Structure formats: C-alpha cells, structure tokens
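Below is one structure, written out as structure tokens; the observations come after it.
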Amino acid sequence: MTRSGRLAVGAVLTLAVSGLTGSRWQGPQGDASQALSITYVANEGVLLSAAGRHVLIDGLFRYYRDGFPLPHDSTREALERATTPFDGVDVVLVTHRHGDHFHPAAVASHLLANPRATLLTSRQVIDSLRGSLPPNHDLERRMLARTHVPFRVSREEVAGISITMLGLPHGGPQRAIVEHLGFVVELGGRRILHVGDTDISEDTFRPFRLDTARIDVAMVPVWMATSAEGRRVIDRWIKPRQVIVFHMPAGDLEGAAVRQALPTAIVFTQSLDRRSF
C-alpha cells in the first residue's frame with residue numbers, strides 16, 4: 001500500500017473507532033475502586049479478574065513446540081476442567097488459532113465443563129474447534145465468531161463485560177491468512193489491551209489511535225518490548241500506564257533484555273504469577 005493509501009485508511013479508521021464511543025474513546029464504565037487482578041497462565045495466556053467477573057485470554061493450549069512455556073500439568077487440568085481458580089470464567093477470548101495460544105480439545109473441554117463461559121474469537125478458531133466437540137452439543141449460542149479483516153474495529157458486550165475487538169494482522173507476511181484479533185477488555189474500571197502475536201509496526205497501530213484510548217495495561221510479546229520499533233509503538237501509539245511483557249522463551253526466568261529495554265515493565269515468566277492494579 002502507498003503512503004497516501006495508508007493515510008486514507010488511517011483517517012477512515014480513526015473515524016470508525018471514534019464512532020464506537022463518541023468523538024473520542026471514552027473511559028471504562030466500571031468502578032475504578034474495584035481492583036483488577038491479572039494471573040499469568042503461560043506464554044500469552046492470562047486470566048483477568050475484577051468485581052466477580054473473569055476473562056481468560058489465550059490460556060487454553062497444550063504442547064506446541066520446544067521454546068514456548070507451558071502451564072504446569074495441574075494448572076492445565078484446572079483450566080480444562082474449569083476448577084479453581086478457573087471455575088468462574090465468564091468469557092474465553094482467543095487471538096488466533098496457533099497452537100501456543102489455542103488447542104481445540106482444551107477449549108472444548110473448558111466450555112463443556114463451564115456452562116457460564118462464552119467463547120469470543122475468530123471464525124477460524126471456531127471452525128478448528130468443531131471437531132473436538134461431542135455430537136449433539138449445545139454450545140452454539142456460547143460460541144461467537146467475530147472474524148475481522150485487518151484494521152476493522154468493533155465493540156461487543158458479553159456477560160456484562162465490554163470487549164473491543166481489533167483487526168490486528170498477525171506478524172510476518174507468510175501468516176497473512178491467519179485470522180488474528182487483538183482485544184481491549186474493560187474490567188474493574190480498567191482498560192486492558194492484549195495484542196496477541198500482531199505485527200508490531202507503527203503502520204499497524206497508527207490507525208487504531210490507541211493513544212487516545214487511555215489504556216491502563218498493555219500486554220505485549222517480548223519481541224515488541226525489545227525492538228526499537230515496538231517500543232516506539234508502545235510510547236507513541238498506545239501510551240499505556242503499565243506494560244506487561246509475556247511470550248518469553250522457555251527458561252528465561254529473568255527477562256534481562258526486557259528489563260534493560262523497558263525498566264518499568266512487568267515481565268511474566270512464572271505460571272500463576274499474579275499482579276493487581
């Protein structure tokens with residue numbers, strides 16, 4: 001796309017985003033006095049909790065390949081069986097269908113064990129899930145397919161939780177066919193951004209104008225934090241109050257490169273690490 005084309009698209013999308021909430025992004029409608037907690041599962045999996053509501057993002061996956069951390073077996077079993085601390089999940093979000101973010105059997109198991117959970121994700125993920133569901137299941141009303149082309153934005157309320165879906169393209173041109181979503185979740189008076197494995201360029205983030213969205217917590221993969229362009233995106237086009245870095249290589253328990261690049265960032269390396277905001 002030419003530079004003029006990108007500018008035109010950016011102008012249209014700025015209007016589209018503004019149209020969701022008025023002239024600018026509005027602040028979360030929740031009670032800011034209600035603490036938000038974020039519990040790390042592994043890789044990019046997190047559980048967001050506040051005011052009795054719980055959102056699980058990219059937490060239902062199994063072995064993928066060497067180099068990516070996995071939750072402990074007991075944690076994975078609790079996730080798939082929907083037992084404590086994962087028994088009250090209201091919404092399951094999946095950014096894309098790759099195996100270090102999603103496993104169809106794991107998601108199916110959780111949905112069958114947890115009748116209160118609604119799955120919100122792309123059509124690709126839901127299509128990949130169907131083969132793991134039993135015949136005559138009754139889950140259709142709890143599986144919401146919301147595929148977005150790159151740069152499309154929409155907002156939906158699920159279980160009383162406001163979720164904005166961002167058409168963030170997956171990083172790497174060879175993965176252009178992968179349907180990929182970013183999420184902005186409003187919970188406990190906070191606004192939390194999860195970017196998945198998106199392309200980290202300024203051209204990708206500029207049209208969304210997240211810098212006007214008053215993001216409280218931005219959760220980003222390690223390569224976004226350690227690259228110069230990724231840090232420019234964070235500083236200029238997101239402007240979060242707090243950065244959390246995940247998708248760390250297995251065995252990197254210190255996150256030294258991240259701590260040097262972004263000294264104020266929180267680095268998630270230990271499964272079930274928990275932070276409150």
Side-chain angles (χ1 to χ4, degrees), residues 38-64 70-149 152-168 170 177-187 192 194 196-197:
I38 301 178
T39 302
Y40 179 55
V41 175
N43 201 38
E44 288 192 7
V46 290
L47 176 69
L48 313 180
S49 303
R53 298 291 189 182
H54 307 277
V55 178
L56 181 66
I57 309 176
D58 281 6
L60 291 160
F61 64 96
R62 295 180 179 176
Y63 178 79
Y64 183 54
L70 294 166
H72 300 300
D73 287 345
S74 59
T75 301
R76 184 178 60 79
E77 290 178 6
L79 282 158
E80 296 188 18
R81 295 177 180 176
T83 58
T84 305
F86 307 106
D87 53 335
V89 173
D90 298 284
V91 183
V92 175
L93 302 176
V94 179
T95 59
H96 62 297
R97 67 181 180 183
H98 284 166
D100 51 338
H101 299 257
F102 158 77
H103 191 286
V107 173
S109 178
H110 184 92
L111 291 177
L112 291 167
N114 178 11
R116 67 185 284 171
T118 296
L119 172 65
L120 179 63
T121 185
S122 69
R123 170 59 63 187
Q124 274 185 351
V125 168
I126 288 180
D127 287 347
S128 298
L129 171 66
R130 294 192 185 282
S132 297
L133 295 172
N136 304 316
H137 67 82
D138 187 27
L139 295 177
E140 292 297 337
R141 62 184 178 82
R142 294 196 284 129
M143 300 191 306
L144 307 180
R146 298 293 187 265
T147 294
H148 283 37
V149 297
R152 182 187 168 204
V153 180
S154 70
R155 174 174 288 184
E156 190 149 346
E157 186 169 298
V158 182
I161 302 166
S162 178
I163 300 168
T164 299
M165 290 160 283
L166 311 174
L168 288 169
H170 196 293
I177 64 170
V178 176
E179 295 173 358
H180 187 280
L181 290 169
F183 299 104
V184 179
V185 179
E186 297 181 17
L187 198 63
I192 308 100
H194 190 299
D197 283 354

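Everything numeric in this text was worked out from a predicted model, so none of it was measured.
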Going from [atom1] on [X] to [atom2] on [Y], what distance comes out if it is rounded to the nearest 0.5 angstrom?
X	Y	atom1	atom2	answer
Phe86	Asn114	CZ	CG	12.0 Å
Thr121	His180	OG1	NE2	10.0 Å
Arg62	Leu79	CZ	CG	11.0 Å
Ile163	Thr118	CD1	OG1	9.0 Å
Leu111	His137	CG	NE2	10.0 Å

Completion exercise
When every non-hydrogen atom of His194 is compared with those of Glu44, the smallest separation belongs to NE2-O, 3.0 Å

Using modelled atom types only, decide if a donor and an acceptor are shared between the side chain of [X] and the backbone of [Y] within a distance under 3.5 Å.
X	Y	value
Ser128	Gln124	yes
His72	Ser74	no
Asp58	Gly196	no
Thr147	Arg123	yes
Arg142	Ala117	yes

Handout entry: Glu179 bridged to Arg146 by N-O distance under 4.0 Å
Key = no

Handout entry: Distance-only side-chain donor-acceptor flag, Asp197 / His101, under 3.5 Å
Key = yes

Exercise for the section: Would you please say whether a donor-acceptor pair under 3.5 Å links the side chains of Ser154 and His148? Expected result: yes

Exercise for the section: Test Val185 against every option in Val91, Leu93, Thr164, Val158 by the side chain to side chain contact (heavy atoms under 4.5 Å, CB included) rule and name the one that passes. Expected result: Leu93

Exercise for the section: Could you note down all residue pairs passing salt bridge (charged side-chain N to carboxylate O under 4.0 Å, His left out) where residues 94-109 supplies at least one of them, sequence neighbours left out? Expected result: none

Practice task
Sequence neighbours left out, what pairs pass salt bridge (charged side-chain N to carboxylate O under 4.0 Å, His left out) with at least one residue falling in residues 46-56?
Solution key: Arg53-Asp90

Exercise for the section: Please work out whether the ring planes of His170 and His96 are parallel, tilted or perpendicular, with thresholds of 30° and 60°. Expected result: perpendicular

Exercise for the section: Could you give me the CA-CA distance, side-chain angles and deciding distance for Ile192 and Val46, then say whether side-chain contact (heavy atoms from CB on, under 4.5 Å) is met? Expected result: CA-CA 11 Å; Ile192 308 100; Val46 290; over 6 Å; no

